[in-house]
Q: 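Here it is: the structure, laid out below.
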Amino acid sequence: MNIVILNWRDSRHPLAGGAEQSLLQHAKYWQSKGARITWVVSSFPKAKKEEVIDGMRIIRMGSHYTVHLHAFFYFKRYLEGEADIVIDCFHFIPYFSPFYVSKSKIIALINEPGKNAWFKNSFFPIHTIGYFLEQFFFILYKNVHFITSADSIAEELVAYGISQKDIHIIPHGITFVDKKLYKKENTPTVVFLSQLTEDKGIEDAIKAFALLKEVRKKVKLWIVGKEIHQEYGQSLRRLAAKLGIAKDIVFFGFVSEKKKWELLSKSWVLIHPSIREGWGLNILEANASAIPAVGYNVTGLRDSIQDMKTGLLTKNNTPSDLASQIALLLSNKKLYTRLSRNALLWSKRFTWAKAGKQSWELVKKRPCKQL
């Protein structure tokens with residue numbers, strides 16, 4: 001079986017995140033079952049136009065904004081005759097594969113619709129146009145099977161006109177690099193683990209930490225993740241200085257997987273005020289280190305964080321509410337112990353072997369329709 005993945009980035013792209021890592025885990029499982037994998041993705045400075053990584057063929061072309069058009073021409077010229085399955089990945093904009101691929105061969109993969117995140121990830125008038133047009137993208141994908149990871153995302157897809165029977169909810173798994181549990185920091189430490197972008201809520205995390213400092217003097221914030229834009233990273237440091245908390249914050253930047261697990265293990269609480277998520281791999285990773293998460297009550301996070309069981313969700317999605325929830329968790333030892341224990345148990349439900357098996361069951365049944 002030949003599987004062609006149409007995605008905006010591969011796992012070696014400098015801006016690759018959890019979406020690319022989760023897709024890679026599925027692809028590895030499919031490959032272990034005998035599938036041949038070809039990724040068609042955007043290029044980046046100094047990238048090879050074509051290479052083989054982990055036995056998978058990676059073809060890079062165009063930019064974040066032009067790869068969809070490049071992929072269309074490349075597919076029609078070189079891949080159409082050999083592709084058994086096409087994985088059309090949505091990242092705000094899909095590849096519109098139903099225009100040039102039989103629907104019976106397509107599986108759409110979506111972490112989450114863009115919705116309000118359009119206004120955090122693009123500029124005027126692109127974000128306004130994208131926000132308005134997104135609802136029409138899905139018309140093209142009726143009768144196409146979808147993979148997503150959360151019930152709340154499935155509800156949004158149904159609202160966009162996708163049939164419930166065509167939606168397959170496959171939760172993420174966890175990739176362990178270092179299972180060693182380190183001693184927690186003596187000072188209660190809140191960790192933010194994600195790319196430093198507006199939609200991930202890093203500014204709200206810093207503001208919430210400033211409010212937390214007003215009620216708990218001895219507390220630290222670790223910020224772990226890539227700075228997508230250097231200027232934005234500098235603005236975050238200025239914000240911390242303006243709020244008078246710079247000395248209590250450590251910006252680690254991008255770290256290795258081993259270092260990530262070490263920092264998670266040493267921290268006390270994960271903070272994640274994202275405006276929306278497909279699920280939130282960082283939530284599972286924190287839980288696997290027996291760390292409860294506190295996050296906004298938004299699409300995706302209300303699936304990965306079990307409120308008052310494995311972590312806490314805010315009621316008003318404000319820095320003030322976020323700070324209050326973290327303060328509650330740090331001041332109530334009984335609650336913290338219970339949530340920490342439950343978080344660890346919750347994380348054990350999720351493995352890439354289980355996720356890969358579920359997606360493979362769908363892949364190997366295709367094509368199943370003639371439309």
Side-chain angles (χ1 to χ4, degrees), residues 15-22 90-92 110-122 127 130-131 134 148-156 171-172 174 190-209 211-212 221-229 232-233 235-236 239 251-252 254 260 264 267 269-287 291-307 310-326 329 343 346-347 350:
L15 301 182
E20 287 69 46
Q21 291 303 320
S22 62
F90 282 60
H91 291 280
F92 292 93
I110 185 168
N111 288 291
E112 76 273 6
K115 289 188 173 283
N116 56 330
W118 276 97
F119 297 98
K120 297 290 187 180
N121 287 277
S122 55
H127 56 50
Y131 179 80
E134 183 175 60
T148 194
S149 57
D151 290 331
S152 55
I153 302 299
E155 291 171 5
E156 292 188 343
H172 293 319
I174 304 174
V190 179
V191 61
F192 175 91
L193 173 64
S194 186
Q195 291 184 340
L196 305 192
T197 57
E198 287 187 62
D199 63 308
K200 297 300 182 182
I202 177 58
E203 292 177 51
D204 278 14
I206 293 174
K207 292 174 183 176
F209 180 71
L211 294 171
L212 180 65
L221 174 62
W222 287 349
I223 297 176
V224 184
K226 296 177 184 177
E227 293 183 10
I228 303 302
H229 301 292
Y232 187 61
S235 73
L236 295 175
L239 175 62
F251 285 83
F252 284 90
F254 177 78
K260 177 184 74 176
L264 281 174
S267 62
V269 178
L270 178 86
I271 182 173
H272 196 51
S274 179
I275 65 173
R276 62 180 15 252
E277 287 288 341
W279 174 269
L281 274 177
N282 55 347
I283 305 298
L284 283 184
E285 291 170 341
N287 292 168
I291 305 299
V294 177
Y296 280 169
N297 189 353
V298 297
T299 300
L301 292 185
R302 65 176 62 107
D303 298 89
S304 56
I305 299 176
Q306 293 187 302
D307 191 31
T310 65
L312 299 176
L313 293 170
T314 58
K315 294 178 175 60
N316 300 312
N317 294 347
T318 62
S320 177
D321 209 7
L322 200 64
S324 296
Q325 294 290 67
I326 296 173
L329 198 53
W346 170 248
S347 72
F350 303 92

Q: Suppose we screen for ring-ring contact (aromatic ring centres under 6.0 Å, His included). Which residues come up paired with Phe92, at least two apart in sequence or across chains?
A: Trp118
Q: Answer yes or no: is there a side-chain heavy-atom contact under 4.5 Å between Leu221 and Val190?
A: yes
Q: Measuring only between side-chain heavy atoms, which start at C-beta, is Val191 closer than 4.5 Å to Leu264?
A: yes
Q: Can you find a heavy atom in the side chain of Glu134 that is under 4.5 Å from one in the side chain of Pro113?
A: yes
Q: List the atom of Asp307, the atom of Leu313, and the distance in Å for their closest heavy-atom pair.
A: OD1-N, 2.9 Å
Q: Taking side chain as C-beta onward, heavy atoms only, is Lys315 less than 4.5 Å from Asn297?
A: no
Q: Check Arg276 with Glu156, please: is the shortest side-chain N to carboxylate O separation under 4.0 Å?
A: yes
Q: Working to the nearest 0.5 Å, report the span between CG of Leu322 and CG of Leu212.
A: 9.0 Å
Q: If every non-hydrogen atom of Pro292 is compared with every non-hydrogen atom of Gly311, which pair is closest and at what distance?
A: CB-CA, 4.3 Å
Q: Return the NE2 to OG distance between His172 and Ser22, rounded to the nearest 0.5 Å.
A: 4.5 Å
Q: Please examine the side chains of Leu284 and Trp346, heavy atoms only from C-beta on, and report whether any two atoms are closer than 4.5 Å.
A: yes
Q: Atom OH of residue position Tyr131 - does it have more than 12 heavy atoms of other residues, nucleotides or ligands inside 6.0 Å?
A: no
Q: Please work out whether the ring planes of Phe119 and His127 are parallel, tilted or perpendicular, with thresholds of 30° and 60°.
A: tilted
Q: Measure the spacing between CG of Leu15 and NE2 of His229 and express it to the nearest 0.5 Å.
A: 7.5 Å
Q: Measuring from Ser320:OG to Lys207:NZ, what's the distance to the nearest 0.5 Å?
A: 12.5 Å
Q: Walk me through it: do Ile202 and Ser194 pass the test side chain to side chain contact (heavy atoms under 4.5 Å, CB included)?
A: CA-CA 8 Å; Ile202 177 58; Ser194 186; over 6 Å; no
Q: Mark yes or no for whether Ser304, through its side chain, and Trp279, through its backbone, hold a donor-acceptor pair below 3.5 Å.
A: yes
Q: Please report the interatomic distance CD1(Ile305) to CD1(Ile283), rounded to the nearest 0.5 Å.
A: 4.0 Å
Q: Looking at side-chain heavy atoms only, is the closest gap between Ile275 and Val298 below 4.5 Å?
A: no
Q: If I compare all heavy atoms of Leu301 with all of Glu277, which pair ends up nearest, and what's the gap?
A: CD2-CG, 3.8 Å
Q: If you measure only the distance, is there a donor-acceptor pair under 3.5 Å linking the side chains of Ser324 and Asp321?
A: no
Q: Let me confirm one number: the CG-CG distance from Leu196 to Leu236, rounded to the nearest 0.5 Å.
A: 6.0 Å
Q: Could you pull out the closest heavy-atom pair between Leu270 and Asn282, with the gap in Å?
A: CD2-O, 3.6 Å
Q: Less than 3.5 Å apart, any donor N or O on the side chain of Glu203 or Tyr232 sitting next to an acceptor on the other?
A: yes
Q: Check whether any side-chain heavy atom of His91 sits under 4.5 Å from a side-chain heavy atom of Asn111, and report yes or no.
A: yes
Q: Side chain to side chain contact (heavy atoms under 4.5 Å, CB included), that's the test. Do Asp204 and Tyr296 meet it? Break it down for me.
A: CA-CA 10 Å; Asp204 278 14; Tyr296 280 169; 2.7 Å; yes
Q: Do side-chain atoms of Lys120 reach the backbone of Lys200 as a donor and acceptor pair under 3.5 angstrom?
A: no
Q: If you compare all heavy atoms of Asp199 against all heavy atoms of Thr197, which two are closest, and at what distance to 0.1 Å?
A: OD1-OG1, 2.7 Å
Q: Tell me, do Leu193 and Lys260 make a side-chain contact under 4.5 Å, heavy atoms counted?
A: yes
Q: Work out which heavy atom in Pro273 is nearest to a heavy atom in Phe192; give both atom names and the distance.
A: CD-CE1, 4.2 Å
